[in-house]
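Note sheet for the following structure.
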Amino acid sequence: MSTTSTPTEAASPKVTLPLLAEKKRRGEPIVMVTAYDLPSAQVAEEAGVDLVLAGDTAAMTVLGYPATTPVTLEEMLVLTKAVRRALRAPLLIGDLPFGSYERCHEQAIASAQRLVKEAGCDVVKFEGPAADRAEAIISAGISVMGHLGLTPQTATALGGGFKAQARDAVAAHKLVDDAVALEAAGCFALVLEAVPAEVAAAVTERLRIPTIGIGAGPATDGQVLVLNDLLGIFEEFKPRFVKRYAHLRREMVGAVSSFATDVRARRFPAEEHCYAMGAEERDRFLASLAEDA
Ligand code: KIV
């Protein structure tokens, strides 16, 4: 079976929150990817995905930081605006970066408003179980996607590390309780990252809102991958849950190497890449240069 998908026709309907809820009810898998700039968002749009997250994984996959924590709201706004310019049908999720929502409800609301007002996000996402924070943002009129399990912004600080979460009964039960609390707070969907498949299945069964898994097994209502992992552009490391559907970094290195080889061998540019003057203008030009000599 082929692993490549077929682009959908250009006029797919705009994805809405009721449509996502309907997909869960119908058992229709929800597709989500990250995007960080115009071309990656255009690819997501053309491929017909449902949700696009302008994720803080941009910190590592695009901006070269060693973790997601250093990326600022200002940087996220620049990237997210570029994504917005390319997207029509998929729902655009703005990602609240580390330090932009933890201090108090007012800070979280102000940051969420910037993602909506300045970058044109449809909704926002933040990491962690703070149901009261979600409720505050939702009360301010902005829909929120939750994110539980591995939460990279605090993975180091909380000692959990970049590894699967909720692997013992107590932690798994707490995750279910946190998920139920986020749903009760009004979240419209929940990302579950790097948790055992059984735990994700239990959460998915208990919630009315859709769950979107990344390293959370097959039972979630949807799946998300980081685009640069999926495309094989980011090759620094590969978590177990990543499936590479292409190896674009190899392709990109090959293309740039070919360009370098052509330039060094004086094969590029060829005639078809050059602009020409009309013969008459060329003769006048050469004559004018000769007069100067
Ligand atoms: O920021 C991000 O890319 C994410 C995904 C891993 C879901 O949160």
Side-chain angles (χ1 to χ4, degrees), residues 20 29-37 40-41 43-44 49-73 75-80 82-83 87 90-102 111-112 115 119 121 123-130 134 144-156 160-165 175 179 182 187-195 200 203 209-217 220-231 233-234 236-244:
L20 292 176
I30 296 166
V31 181
M32 170 168 156
V33 294
T34 64
Y36 314 110
D37 58 16
S40 59
V43 165
V49 307
D50 301 303
L51 305 174
V52 170
L53 171 68
D56 68 351
T57 39
M60 300 171 80
T61 62
V62 172
L63 300 177
Y65 290 123
T68 57
T69 41
V71 75
T72 63
L73 182 58
E75 289 169 320
M76 289 308 303
L77 283 166
V78 172
L79 301 174
T80 308
V83 173
L87 283 192
L91 197 80
L92 173 57
I93 305 158
D95 207 7
L96 286 164
F98 183 69
S100 72
Y101 63 93
E102 300 89 337
S111 301
L115 284 170
C121 292
V123 297
V124 301
K125 172 174 92 59
F126 74 84
E127 293 184 5
V144 173
M145 168 180 261
H147 183 157
L148 293 175
L150 175 59
T151 49
Q153 293 176 6
T154 46
T156 317
F162 283 88
K163 56 182 196 234
Q165 304 292 306
L175 189 130
L182 284 171
C187 287
F188 74 89
L190 178 66
V191 166
L192 292 172
E193 178 165 357
V195 298
V203 171
I209 60 171
T211 57
I212 312 290
I214 174 162
T220 51
D221 300 302
Q223 297 290 332
V224 54
L225 279 179
V226 167
L227 193 73
N228 289 18
D229 286 336
L230 180 168
L231 294 176
I233 297 174
F234 183 73
E236 268 38 59
F237 60 87
K238 179 180 169 299
R240 177 190 169 89
F241 53 73
V242 168
K243 178 171 175 181
R244 291 207 174 110

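Remember, it's 1-based here, ligands and their atoms both numbered in the order they're listed.
- For D95, the side chain to side chain donor-acceptor pair (under 3.5 Å) partners are K125, not counting sequence neighbours.
- Applying the side chain to side chain donor-acceptor pair (under 3.5 Å) rule to E127 yields no partners; only residues at least two apart in sequence or on another chain are considered.
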Inventory of protein N or O atoms under 3.5 Å from ligand 1 N or O:
unit_1: ligand 1; atom_1: 1 (O); unit_2: D56; atom_2: N; d: 3.1
unit_1: ligand 1; atom_1: 1 (O); unit_2: D56; atom_2: OD1; d: 2.8
unit_1: ligand 1; atom_1: 1 (O); unit_2: T57; atom_2: N; d: 3.3
unit_1: ligand 1; atom_1: 1 (O); unit_2: D95; atom_2: OD2; d: 3.0
unit_1: ligand 1; atom_1: 3 (O); unit_2: T57; atom_2: OG1; d: 2.5
unit_1: ligand 1; atom_1: 8 (O); unit_2: K125; atom_2: NZ; d: 3.1

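- Q223 meets the side chain to side chain donor-acceptor pair (under 3.5 Å) test with T220; sequence neighbours excluded.
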Using side-chain contact (heavy atoms from CB on, under 4.5 Å), reason through V224 and L53 one step at a time and then give a plain yes or no. CA-CA 9 Å; V224 54; L53 171 68; 5.5 Å; no
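- For Y101 and F98, the distance between ring centers is not under 6.0 angstrom.
- Looking only at atom types and distance, the side chain of Y36 has a donor-acceptor partner in the side chain of T57 under 3.5 Å away.
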